[in-house]
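Order of the sequence lines fixes the chain letters, A, B, ..., with proteins taken first and strands second; residue numbering starts at 1 for each chain. In this text, all values refer to a predicted model and were calculated from it rather than measured experimentally.
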Amino acid sequence: MDEGFIPYQQSLEDEEQSIKSTQSVIEQAIAWFRAHSMFVLAYGTGCGAIEMPPTFTSRYDIERLGVVGVATPRQADILIVSGYCSPKTLKRVIRSYEQMSEPKYIIGLGSCTINGGMYWDSYNTIKKLDDFLPVDMYVNGCMPRPEALIEGFVKLQEKIRANSSEAGYIQYRTRYAHYRANQERLFGTQVQPRYEENFAGMNL
Amino acid sequence: MMSYLEEHYELIHKTPRLFALHVTREQLLDTLHQITTHTSFDTLSQLTCTDWIEEERFELGYMLTNALRSHNLMLKCSIARDKVTMPSLALLFAQAEVMERELHEMFGIGFEGNETLYDFALEGWCDIPPMRREFDTLAYVNAHYDFREGREDNLDVKEEIKKRKAAAKSAKETPSGA
Amino acid sequence: MFHFEATLLAHLFFGLSLLVILPLLRRRDLVLHLLLLLSLGILFYASSLATLFIGWEMMGWSSYFILASSARVATLQRYILFNLGGAFALLGAIALLYGFMGSLEYRDIDASLLPPWAMNAIALLLFVAVFVKSGIIGLHDWVVDSYSEATPLFSAILSAILSKAGIYLFIVMFMVLLKEGATEPLLFEIMAWLGVITSIVATFKAISQDEMRRLLAYSSIAQIGYIITILALMQGFALEAALYHTLIHTLIKLLLFMNIASIIAITQKERFSELGGMIYHAPVLFLLLVIGIIALAGMPLLGGFNSKFLIYTALLEEKRALLLGAVMFSSASAFLYCYKLVYGIYLGQRPQEASLHVSPKSYYLPQLLSAALLVLLALLPSLPVGYLSVIGVELGFAPLDDSNLFILQSAFGSFHGGALMGAFGVAFVALLGLLQLAHSKAKKVKDPLDISYCGEVPRSETNLHFGYGMGYELHRISFIAPLLRHHSRVLWDRLSLIASDFSALLSSLYSLSAQHVTLLALLLFTLLLLGGQ
Amino acid sequence: MLLLDLLLMLLIAYGFGFLYYGLYRNLSARVHGRFGPSLAQSFSDSIKLFVKEESTTFGWMFYLGPVIMASGAVLNVLFIPFLNQGESLQGLSSYGNLIVVLYLMVLGPLGNALGVGSSGNPFGVMGVTRGLTRLLALELPFYLAAIGVMIDAGSADFGIIMQAQSTQSNMFAHPLLFAAAFISFLGFMGKSPFDVVGAPQEVYSGPATEFSGKFLALLMSQSAMFSFAKLLLMVNLFWGGADHLGELVAKTFVLFVAATFIGSVYARFSTVQSVEFLIRIPTLLGIVGLALL
């Protein structure tokens, strides 16, 4: 299988491990802290939301890895899009992602975020999350077990420590026109405020 | 309770606890009013719609529940597919407002007197209402969404699982045999 | 002899009233304001009870006429009725004193000659006069209405200056003239608790107000409640604490009411529900208001803490633990209305874009002066102590130690205003520097509506300013709800009904028919005859 | 010399504050039957937030809010003596007293509330309102207890209050006052059942809703220091202070663990419930305690 999702996932997982050696000590330290303290905005878009409570509570206790749930996008580092996304939900997901502070990452949870999953022919769910938002890690399955989610977090930690220039939030900034075009194509006239227009780049 | 209904209407017994009766669009409000005042069926618990495209009609089902929540009565009302307005029940039952809003979005049925018939679950929808049977879901999906490369949905799942199991078995046996 | 005019208080009141009157120059009600000032002069510089009473009455009348230009008739009636009641009580007390002393001069009054019953009767009458003027709970209706319906500038004068007249009367009568009298101690005990109950109830009422000036009116009532409580201790340090708090409260209320006058001039709105988000339109006014509320809440770093500290230590020294607990509770509850004031006007989102006017420049002067004085008093808390001790010393109390202006001394400890300010300043600058140097860069949002709002994009018509309703949940707390539900006005309305019934009965005497009059006359004649035998 | 002393105090408060916060997370995890994060987790969290690449601000008041709050926490640490004797670790306590500290405790939150309000987020203000409503009930029992302690010692000065306990600590001399103060201390620590202020399920994190990056980091650091200051206050008022650093750590640790265990087994009170509870039970305890004085 040379095409499709599996090689894409491969490319997400083992990406530029070599970069690590070229970083300065301070950059490595910063990356270490980022990787070991992940504030998660768990957006329960679909049925994947049901797998997150066990992940966060006593049975699987993901707090061991430094993962904590937060309520607002302003404080979050990682956005989990859990399951199918209808266009109405996607708008809110995008808004939440844009309100997060950089560096920020997205985990797509479940088959629906990858290729529509069992809703592949539904008129009201999107089929590819990475058309609209830069996904840093996919966890597939329907639904993925908490173990799979933890595995996804571990892989994401490696990716954060690699401090790649290909990280999703950088892509979202540099290739914003591409993502915006896809969003506008889906949402028609009812579109979100533009990402660049939300901020004045001044330092107060 | 039942005696009143038996007396005045042609009741259809579906199950011991579920009854139905047919009303016309014009009779609907009056019948509902009579039933709610004379019997204990006082709650509108569901509002459904069936698209009988072959017979060119929608059948709306107003499901009433009694105070004990033990019996259900469905008022069936057929309307022509091209003449798609109904009187709103929002004044009789507050919960009808949101149910009618949903039917409006999914079937394109208008409700006179309901002020909230704007976007509900679908924002900015400008195609045929999606629950009407002439709406072609697959065509819509193909037109509006991109599929990921490499997805193959046409596999016969049972066959495929059998095949993979056999492959795994043979792979296991080969090293042990070798 | 009595030299009250030498105290800071009289000077301060004059200076500040003049300041407030400044913006009024070239207006037609200036004459009335000057008359008010004159009446204050008569009150403060009186040397006999007759002059004092004339000053007291003139004050009442001149403010009535000023009020008449903007208030409703009902409010005016309420104002005049309550104040007349207070004035009659004062007159009664003076008449009683004259009956025993044969003179109205301050120097001829010797309370030790009074029999205890007369002393208690005079005390009761004076309490009524003081309580009406300070708006003790139950007698406070006129205060709230007239503060909120006066012109914005006159509200400032009413709250900052005229509300202190009751306190002045109390000090002059009880601590200077009648201090030798044998008053029943229970009376003062009741007065102390009345003061603190007033402050608690008024604080909760203030929290649930929607109108800026009504909130501040209740806050004034609450603050004067503390002063009443502390004065009822009848001690030297309590007197100083009360005077200090009077001074601070005058400054704060002048600042706050002038600030609100500016806001009313800018927006033409009076309610929190119609205001909000003014901070970036009027940053200077915002800062001034913040200074005012921090002082009002009595937090360290601004002058408001000094007088609170003195009040607490005075109560501690008298070992009045429960009274102190109640005062501190009321003072802590005041944070809620302080925050409501600043949030409702300046913070949050602007409800809708309305046209904004410009605030008159002359409104800023009293605010800036008060704010500067509050900051100065925080740095040098002992600065006014020398002035305030004058009366105490005259009455034979030991003065507070003001050898080091930075340190405010009391029997229960002291604090160093300069050290507090300095430490805060250093910490603030250091932390601000740290924040500036942090790796993370601050980005300012362009659209104030770009808030995290559960993923939604609020529109300008979305109501985001509902925080002005804070304090509403107090209605659900079982022991606060009754305080908010009941109004003393109901009681007064019922009383007025009874009075009007009674007067209707009296007036029917004038409209009797001839036969009835003859019958009554005959009856009266018979009674007289019987009585004669 | 004084400057070094002050810096040392801040360092101790910062270090132990974070250590205790880490410990809190770990201990409550154990109570829940989990392993929990490492002890240094809160420290890594705050470092990470400081090194985030951007943080959102809404204007100058929003920027200054956390700074004022953190300055309030710093002042609290500096004005409470760490030890009951000697010259070192006394900070600026000779320039202030208990009443000053009680009032300083509210200065920071008010500054922060101004910042929260200027963001214009209604959830933030709902949190602040809850906090202030709870505060009015929270402070009453603590004030009553503090008044009792001050009247007993005859002074508001920390040194004299601690000296007065050299034979018998206030906890045993006035158990009712201690109970009142301890319940309200639980509320001050912001743990369950009094943690309704920032309830994420209801008010979207409440006051902290809009704070991101370095602002949040500053808020976390100040809350660590502030909770150490509160522990210190309790130890000084009721346990006679500490003779040396070891004793201080031991006493604050015991107090902290007690608060943690209580916090991790109780469910959350609503605002109204917590106000009613605080006004009824601890306040009555305090009043009875004062009457017995």
Hey, could you give me the CG/CZ distance between B:D146 and A:R185, rounded to the nearest 0.5 Å? 5.0 Å

Should the pair B:E123-A:R92 be classified as a salt bridge under the 4.0 Å nitrogen-to-oxygen rule? yes

Measuring heavy-atom distances to chain B, does A:L186 have an atom under 4.5 Å in its side chain, in its backbone, in both, or in neither? side chain

With a sphere of 6.0 Å drawn around CZ of B:R133, does it hold more than 12 non-hydrogen atoms of other residues, nucleotides or ligands? yes

Treating A:K127 as the side-chain partner and B:V141 as the backbone partner, does any N or O pair qualify as donor plus acceptor under 3.5 Å? no

To the closest 0.5 Å, what do you measure between CG (A:N124) and OH (B:Y145)? 5.5 Å

Minimum heavy-atom separation for B:T137 and A:D121, please, with both atom names. CG2-O, 3.0 Å

Does atom CG of B:L18 have more than 12 heavy-atom neighbours, drawn from other residues, nucleotides or ligands, at distances under 6.0 Å? yes

Any side-chain heavy atom of B:Y140 within less than 4.5 Å of one from A:S122? no

Is the CD atom of B:E10 crowded by more than 12 outside heavy atoms at less than 6.0 Å? no

Step by step, work out the salt bridge (Lys or Arg N to Asp or Glu O under 4.0 Å) result for A:D131 and B:R148. CA-CA 10 Å; A:D131 274 354; B:R148 190 180 294 284; over 6 Å; no

Are more than 12 heavy atoms from other residues, nucleotides or ligands located less than 6.0 Å from atom CZ of A:R59? no

Check whether more than 12 heavy atoms from other residues, nucleotides or ligands sit under 6.0 Å from atom CD of B:E54, and answer yes or no. yes

Check the angle between the aromatic planes of B:F147 and A:W120 and answer parallel, tilted or perpendicular using the 30° and 60° thresholds. tilted

Is it the case that atom NE2 in A:H178 sees more than 12 heavy atoms from other parts of the structure closer than 6.0 Å? yes

Look at atom CD1 of B:I128 and say whether more than 12 heavy atoms of other residues, nucleotides or ligands are closer to it than 6.0 Å. yes

Is A:T125 in contact with chain B via its backbone, its side chain, both, or neither, using a 4.5 Å heavy-atom distance? backbone

Take A:Y123 and B:L122 through the test side-chain contact (heavy atoms from CB on, under 4.5 Å) and record every step on the way to the result. CA-CA 10 Å; A:Y123 60 91; B:L122 308 171; 4.1 Å; yes

Is B:D119 close to chain A through its backbone or its side chain, or both, or neither, when contacts mean heavy atoms under 4.5 Å? side chain

